[in-house]
Amino acid sequence: MAGRSGGIPESIVEEIIARNDIVSVVGQYVRFTKTSGQNQFGLCPFHSEDTPSFSVSSSKQIFYCFGCHKGGNVIHFIMEIEKCGYLDALKILAERAQVRLPEPEDDNYRKEAELRDRVKAALVEAARYFYTNLYSNQGIAAREYLTARAISPSTAKAFGLGYAPDQWTGLLFHLHKKGYSDEVLSQCGLFTKGKKQGELIDLFRGRLMFPIFDTLGKIIAFGGRIIGDGNPKYINSPESVVYSKQRNLYGLNFAKTTKEKKMIIVEGYMDVITMHQAGVKNAVASLGTALTDRQLDLLSRYTEEVVLFYDSDNAGQAAAMRGLKMLLQRGKKYNSSASTASISVALVPDGKDPDQYIREHGADAFKKIVADAYFVLAYLLMTAEKQSTENGKLDPRTYQNLACTYLSWENNLVLREHFAAKPASILGVSVERIMQESSRIADEKQDLERQESDRILVRQVSVLPKKNDGESAGQNELVLLCLLSGMNDEYADMEDHPIPTDFSAGTMREIAAEALDLLDKKTFSPLTLIELGEDRMINGRAAKDVLSELLMRTQSVKNDDKRMQHAMDYLYQIRINIYTNHKNELARCLDLMPEGPDKSATKDSLLEVDRYLKYLREKRKES
Ligand SMILES: [Zn+2]
C-alpha cells in the first residue's frame, strides 16, 4: 500500500485494525444516539452540530461524517481525534489492543520527528531572541508597558516574556544565522509569506511576546500584543506541527502544579500572568477561542472544578451563552467515561478584567470572587433576568421564556427543579409550572432534533448516488468499486468484469487497478478499499473521505443479487459514457476527413461503436 506503516509489517497493521473494533474505539469519544441498520449515529467530535451526522459502520469498520465529510478507518479516526500521525495512531491502537509493535524504521516517520525537534529548537531560539530584545534599547516601550501593568521583572522572566522589534526580517535573519533552514522556519508559526515574492517575513513585529508552553513546559507557539497603536491588539501563532490551539491552555504548565482543587479560566495572557504574580496560580487562558471540548478534556485531567471568568459587560453575549449551553450538555455528548468537571461562572464587578481587578483590589478580594462563583444555571437565570429587564421593569413574557429555555438545557431534573424555585418566586407561580414549561421546551427541542436527524438519515445514508451520465463520471467509478467491496465470491460470477481502462486515467485508474487485483485475490473489502485511498486525492478531497462516504451510502444495498445488479448497472453506465464520448469524437473526425480509405475505416469504427452502445443500453435496461 502507500507505505505509511513504514517498517511495521502489513500483517501487524491488519491485526491492529482487526482487534480494535471501530464502534468501541469511537464510542470512547462519541455517544451514539441513533442506530440505522448497521450504522451508529452520534454528534460529530470534529465539528460542532446539534443533530447527529457522524456515522460508524460496524460491518464495514469505517466512519464518516455527513456534516464535515471526514471519514476513514479506525486509524484515521485516531489520527484525526488525537491530532497525531499514522504511526502514533498505530501505537495508540496497538497499546489498546495489546499488540506488540516493532520499532518504526520508517524514513518519513524519522523525518517528521526530526522536523518537530528542529521546530521546537527554533522556537526556543526565538524566545531567547525576543527576551534579549526586551532588555535592549528597542524594548523600552514594551518594558514601560509591563511597568504600567505592574508586572515585575521576575514575573516577566518566569513567563519568558520578550519583545519582537518592529522589523520585517529581524527574527528571520537571526534564525538563519543560527542555521535554521526556511523549510523548518516556514513550519514554526513565527513567519508569514510576503505578498510580492512569497518570501518569509516576521509575523510578529513591534509586539510584546508571550511564549505558549505545553503542559510539559516546552514552547510550542507565541502570542504577541501590539505595543503602541495598531490592530489587531493580539495575534497568535497559527496551528503548526507542534501546536494545536484547541488542545492547549495558556498557563496550564504552571497551574497544574498547584494543589488547588479549582482551575480558573480567564480570557487573556495578561490575566493569567497578573493573577500568578498575585499568588493566584491556578489560572489558565483559552488562547483566543471560546473554551473547547478538547480543552475541557485536558483540564479535567487536573481538576474537578472549573471556574469561568466572564467579563460582566459582555456577559449577555450570545456566543458566551452558547458556550455555556455546550458545557451544560457536555455530558450528553460524551460517554460517562469522559470526565465531567463541575463548572461555575465568576463575574468581576464593574465590567473589569480580572487583571485590572486584582491590581486594584488585591488577591484576597479576587479569591473571594472565585469562591462566590455561580453555578452555571444560577448564572444563566440571573442573565435571563437582566435580559428581560428594561428601565428597571421586568417583562414577564420574555423572562419566563428565557428562564425556562435555560433550565431546559440542564438534563438533570433534580438540579433543574432546584433552580426552578427562583423564577417561580419571581413570576409568582408554582415550581411545578416552571418544570412543566421547561420540560415542554426540552421535549420540543428533542422532537425537532429527532425529526431533523431522521431527515438527514434518509437524505444522506439510504440513497444510492445517482448514476452520473454527464462529464464527471468519476462518481460512477467510485460507486462501482464500493458496491464490489466485500463481494469477492460473487465477483467471479459477474457477467462482465470491469477493466482498468473503464476508469478515468490517473489516481482513479491506479486505485481501480489495485482494487481489481484484490478482487482476483479475493481480498477486496471496504477496509482494503479505504487503504487504497491512503495518501491519494480524488477531486481535491482525501480519497479516504470520498470512499468512506460512498461506502456508507452503498451500504443500504444489502441483498447480494441486488448489489451485483447495481454494480453491473454502474459498469454499463460507465462504458456508455466512455463510448458516447468516443462516438462523438469519431463523428467530429469524420466531418473533417477527405473521402478515402481512412474515412471509410472511421465510418466502420463508428458503426461498431454504435452497435456496442446499443448492446450496453440493452444490458443496462435488463439489469
Ligand atoms: Zn463532522
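Atoms within each ligand, like the ligands themselves, are counted from 1 in listed order.
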Practice item. Check the pair N73, H76 against side-chain hydrogen bond (donor to acceptor under 3.5 Å, both in side chains), reporting the backbone distance first and the verdict last. Key: CA-CA 5 Å; N73 61 21; H76 300 124; 2.9 Å; yes
Study note, to complete from the structure: Smallest heavy-atom separation, T405 atom then S408 atom, equals O-OG, 2.6 Å
Check your understanding: Is the closest basic N to carboxylate O distance between E510 and R536 below 4.0 Å?
Key -> yes
Revision key, fill the gap. Distance filter < 2.8 Å from the Zn ion (ligand 1), protein N/O/S hits 4
Check your understanding: Taking all non-hydrogen atoms of both residues, which atom of Y406 and which atom of L377 are closest, and how far apart?
Key -> O-CD2, 3.6 Å
Review point. Quick one: are the ring centres of F77 and F46 less than 6.0 Å apart?
Key: yes
Revision key, fill the gap. Interatomic distance, CD@Q40 vs CD1@I22, rounded to 0.5 Å, equals 11.5 Å
